[in-house]
Amino acid sequence: MDGTDLLRAELRRAAQSLGAPDDVDPVIERPRDPSFGDWATSLAMVLAKRLGTKPRDLAQAIIERLDFARAGISAADIAGPGFINFRVAADVFAEGLRALIAAGDQYGRSNAGNACPVNIEFVSANPTGPLHVGHGRQAAIGDAISSLLGVTGWRVTREFYYNDAGAQIMNLALSVQARVRQLGGVDAAMPESGYHGEYIRDLAQWYIDEHSSDPNADDLDAVRQFAVRELRREQDLDLQAFGVKFDVYFLESSLYSDGRVDDAIKRLIAAGHTYEKDGALWLRTTDFGDDKDRVMRRSAEKGGEPTYFLPDVAYHITKWERGFARAINVQGADHHSTVTRVRVGLQALDMGIPQGYPEYVLHQMVTVMRAGEEVKISKRAGSYVTVRDLIDEVGRDAVRYFFLMRKGDSQLVFDVDVARSQSDENPVYYIQMAHARVSGIFRVGEIDATAITGTDVDLSVLSLPEEQILIKALLDYPALVAGAAEALEPHRVATYLHDTAGKIHLWYHKAHVLNEPEPILRARLVLARASQLVLRNGLDLLGITAPERM
RNA sequence: GUGCCAGUAGCUCAGUUGGAUAGAGCAACAGCCUUCUAAGCUGUGGGUCGGGGGUUCGAUUCCCUCCUGGCACGCCA
């Protein structure tokens, strides 16, 4: 509800009376320059050619057929090549502000999702090391998307998938084993593609401390379980420090232990899209648009094990069968190649899963700069910046905002030195400061903000340009949230908040509240309360705190 | 070679799904604290929207092509 529904309906009616087709859908937007009006439409320019008239003439004809009262406007005029600019009737803003405050922390919510269950998988780091900056970006984006879908009416499950089976885990176990033996004075070699991070040495030491009966780490299975458990614990601490909570932790190993991987093979074979070649079992993914067929199960001489893509398919079958009509995977762009394969694998089952299932939100890589040089992120080489490092250095709120302020599909340069040295000038403080300032009005004035309603207050005295601009921005919030949720783009919220915070600072600077004459005081308190609520709700979506004072 | 993403101010990035004079932050320069927080505000300078074609009333946005950077293309995960 952004208040344009009535206007849109009126425009449609007027256009149709002039011969426009039934499906005409007028685009209504904010004019670039606020002095043009409150809303604008390009309708006349879009329709002019089809109706065989000049844009400005058509605009005039449309205006003449508009019922201003029903559309909730007080004026309409033609500008430029054929725009129609509208002024909203004064009481529309006043009613909007009252509705905003009445909604409180519910302001911005909608019901687009209709309580439909949606699974959002993110982070899903292998338990082979601490979470690095790339995981941080993913955690911030995934959590924010979850929140966005939550407030737009979806029933959200946040899920973390542990790849705790397979070759990488074996690598991890062998790496720890080698370090244990080295600590014991044995000249043990690290595995070919082992993990060289410092934390492996720590793990080895802990293993020795806790397993006195196995000083040489001969029990590889015990080493593996120990390492996975400890690293999961570390990752949990990282996520906790970042304020991210998951509803479900799904273990890849469970897919094997409860037979779902085998089951997936049987179902794919039964569906008839498989064949054997060179001793391996293949899936004819080219039938579904892939550029080449994929191996599902290796040949005997290669071990006869399923390839990674099979548990991926089995895993996504569980999402579908657990009732998630919608599944969203937030992953780094380096996982791009899995998108087609997972979807194609699900299609090959012929079990009615939609073609675009699951949806993917791929974010581009994070480049870390330190001391003017790029830090290569490599778990195996052991050089990278962890999420915990960043949080310790610049704070949780700033890290969250930094990861969310850019579009996911552009690369992100995280300069650790800049983030640290300029933490006081990080944009997030600008937003939080706006919240602290309007909160300060209530604190200093000893006024209960929650008692503000706006009823019985004459809001027409909010006539400063800064006030009109701010009111419009606040009333845009629900549409902004709906758009960001639909596009799965939380950075829009970050951009909006920064923009709106600027309008609040401007207003705060220009217009005093306390000690003003009663009518102005009362009206401005309403605007302060509305500003506070929008900032608070928006920051909450991004997982960022809204301090009352700074 | 193929596919995906990106290229916008000195730097980092937005740009409401094709609209009006392309915007922020940082950096630079000049100002504003007896008044609810100066972590703020005001002003100045800064652009071939990577290049070239096309589509149309209108293109940073859509299509084609080329250039540059990133990622991915395995019986690795």
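Values reported hereafter were calculated over all heavy atoms of this structure, with side chains retained and with hydrogens, waters and symmetry mates removed. Proteins come first, then strands; the chains are lettered A, B, ... in the order of their sequence lines, and each starts at number 1.
A:A528 comes within 4.0 angstrom of no nucleic acid atom, judged by non-hydrogen atoms across all strands. Residue-level contact check: A:R297 touches neither bases nor backbone, having no heavy atom under 4.0 Å from any strand.
If you check distances only, the side chain of A:Y429 never reaches the base of B:A39 with a donor-acceptor pair under 3.5 Å. If you check distances only, the side chain of A:D334 never reaches the base of B:A77 with a donor-acceptor pair under 3.5 Å. Evaluation of atom-type donor-acceptor distances gives no pair under 3.5 Å for the side chain of A:S337 against the base of B:C73.
The nearest whole Å value for the distance from the CD1 atom in A:I447 to the P atom in B:C36 is 14 Å. Atom CG of A:L362 and atom P of B:C71 are 15 Å apart (whole Å). The distance between atom NE2 of A:H335 and atom C1' of B:G3, rounded to the nearest whole Å, is 17 Å. The OH atom of A:Y430 sits 17 Å away from the P atom of B:U37 (whole-angstrom rounding). The distance between atom CD of A:Q168 and atom C1' of B:A77, rounded to the nearest whole Å, is 5 Å.
For the residue pair A:S253 and A:D164, a side-chain donor N or O sits within less than 3.5 Å of a side-chain acceptor on the partner. Using modelled atom types, one finds a donor on one side chain and an acceptor on the other under 3.5 Å when comparing A:Q532 with A:R529.
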Applying ring pair (Phe, Tyr, Trp, His ring centres under 6.0 Å) to A:H336 and A:Y360, what does each step give before you reach the verdict?
CA-CA 9 Å; A:H336 178 262; A:Y360 281 85; 8.9 Å; no
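Electrostatic pairing of A:E467 and A:K510 does not count as a salt bridge here, judged by no charged N lying under 4.0 Å from a carboxylate O. The residues A:D397 and A:R400 are annotated as not salt-bridged, no charged nitrogen and carboxylate oxygen being separated by less than 4.0 angstrom.
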The contact string for nucleotides 11-17 of chain B, one letter per nucleotide 5' to 3', using protein heavy atoms under 4.0 Å with B, S and - for base, sugar-phosphate only and none, comes out as -SSSS-B
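The ring of A:F403 has its center closer than 6.0 angstrom to the ring center of A:F414.
Residues of residues 510-519 of chain A having a heavy atom closer than 4.0 Å to RNA chain B, listed by number: A:A511, A:H512, A:V513, A:L514.
Legend: residues meeting salt bridge (charged side-chain N to carboxylate O under 4.0 Å, His left out) with A:E252, ordered by chain and number and at least two apart, are absent. Residues passing the salt bridge (charged side-chain N to carboxylate O under 4.0 Å, His left out) test with A:R536 are A:E548, sequence neighbours excluded. With sequence neighbours excluded, the residues that form a side-chain hydrogen bond (donor to acceptor under 3.5 Å, both in side chains) with A:Y315 are A:E159.
Comparing B:U8 with B:A14, their C1' atoms sit 10 Å apart, to the nearest whole Å. To the nearest whole angstrom, the two P atoms, one in B:A59 and one in B:C49, are 12 Å apart.
Phosphate contact (OP1/OP2 of B:A39, side-chain N/O of A:R437, threshold under 4.0 Å): absent.
Secondary-structure annotation of RNA chain B gives the stems B:1-7 with B:67-73, B:10-13 with B:23-26, B:28-32 with B:40-44, B:50-54 with B:62-66, with a stem taken as at least 3 successive Watson-Crick or G-U pairs whose two distances both fall under 3.5 Å.
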